[in-house]
Amino acid sequence: DGDGESEGSPVTATATPSFEGLYAGDDIAVFRLTGFPEREQRDDKAQIRIEWATADSVSITLINSEDGSDLCELLARVEGNAALIESAQPCFSSGGEGSLEAELTSGRAVLEGDQLRMNAEGTLSVAFPDQELDGELTYSFEGERQ
């Protein structure tokens, strides 16, 4: 037919934004434990690294700005310019007695040009020798591709 269009899927590689890269900006993690005051952690040196995991999903790695280590890696399904966290995945866990165990249960990272915005929610639990406390966690990040 000579119009140069190929048969098959209308989605081409160029339709998917290039999530891959390192993003730096600000993040806020808010921890709410039953019976305790809300605790907010702000970081103006926050970093997130995104890599392709499969053809339609990425791994979103939150980086500890204090020492450059990986805090956690979250698998997210790519849908257009958003990456969706659809299953509970551990993050911000600290290990040891009285340690914080946190799971991000849902969230999304949205890419607009070189700007990345991420919001996620999750659950918290802290185990002490005599009790276990539960709570909620919200996380947000806003940054730019480096």
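All heavy atoms count here, side chains included; hydrogens, waters and symmetry mates do not.
Two rings, from F92 and Y139, have their centers less than 6.0 Å apart.
By the side chain to side chain contact (heavy atoms under 4.5 Å, CB included) test, D56 pairs with T54, sequence neighbours left out. With sequence neighbours left out, the salt bridge (charged side-chain N to carboxylate O under 4.0 Å, His left out) criterion links E51 to R49. Here R32 pairs with E38 under the salt bridge (charged side-chain N to carboxylate O under 4.0 Å, His left out) rule; sequence neighbours left out.
A pairwise comparison of heavy atoms in E103 and A88 identifies OE1-CB, 3.6 Å as the closest pair. In this structure, A102 and L124 approach most closely via the heavy-atom pair CB-CD2, 3.5 Å. I60 and A76 make their closest contact through CD1-CB, 3.8 Å (heavy atoms, listed as atom of the first residue, atom of the second, distance). Across K45 and S65, no two heavy atoms sit closer than the pair O-CB, 3.4 Å. When all heavy atoms of F19 and R145 are compared, the pair lying nearest together is O-NH1, 4.2 Å. Between G122 and T105, the shortest heavy-atom distance links the atoms CA-OG1, 3.6 Å.
By the criterion of side-chain heavy atoms lying less than 4.5 angstrom apart, applied directly or through intervening Ile, Leu, Val, Met, Phe, Trp or Tyr residues, L111 is not grouped with L22; the two fall into different hydrophobic clusters. Following chains of ILVMFWY side-chain contacts shorter than 4.5 Å, one can reach L100 starting from L137, so the two form part of one hydrophobic cluster. Put simply, I63 and L74 are part of two different groups of oily side chains (I, L, V, M, F, W, Y) that touch within less than 4.5 Å, one to the next. Taking hydrophobic clusters as Ile, Leu, Val, Met, Phe, Trp and Tyr residues chained together by side-chain heavy-atom distances below 4.5 Å, M118 shares a cluster with L71. One hydrophobic cluster holds both F36 and V126 under the rule that ILVMFWY side chains link at heavy-atom gaps under 4.5 Å.
Atoms CD and CG, on Q47 and L62 in that order, are 11.0 Å from each other to the nearest 0.5 Å. To the nearest 0.5 Å, the span separating OG on S59 from CG on D70 amounts to 9.0 Å. With values rounded to the nearest 0.5 angstrom, D114 atom CG is found 9.0 Å from S18 atom OG.
The disulfide (SG to SG under 2.5 Å) contacts involving residues 106-146 comprise nothing, where partners must be two or more places apart or lie in separate chains. Residue pairs meeting the salt bridge (charged side-chain N to carboxylate O under 4.0 Å, His left out) criterion with at least one partner in residues 123-142, sequence neighbours excluded, are absent.
Side chains of E121 and L104 form no contact here, defined as non-hydrogen atoms less than 4.5 Å apart. Using a 4.5 Å cut-off on side-chain heavy atoms (C-beta onward), I48 and T61 make no contact. Contact annotation: the side chain of L133 never approaches that of T34 to less than 4.5 Å [non-hydrogen atoms, C-beta and beyond]. At a threshold of 4.5 Å between non-hydrogen side-chain atoms, the residues I50 and E20 do not count as touching.
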Side chain to side chain contact (heavy atoms under 4.5 Å, CB included) between R117 and F141: does it pass, once the steps are laid out?
-> CA-CA 6 Å; R117 281 200 327 275; F141 171 89; over 6 Å; no

Please walk me through it: do R77 and L84 pass side chain to side chain contact (heavy atoms under 4.5 Å, CB included)?
-> CA-CA 5 Å; R77 182 174 56 85; L84 310 175; 3.6 Å; yes

Would you please test I85 and S106 for side chain to side chain contact (heavy atoms under 4.5 Å, CB included) and show each step?
-> CA-CA 5 Å; I85 298 165; S106 66; 5.8 Å; no

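By the 4.5 Å side-chain criterion applied to Ile, Leu, Val, Met, Phe, Trp and Tyr, V30 is assigned to a cluster that also includes I28.
Between the side chains of E101 and S125, no donor-acceptor pair is found at a separation under 3.5 Å.
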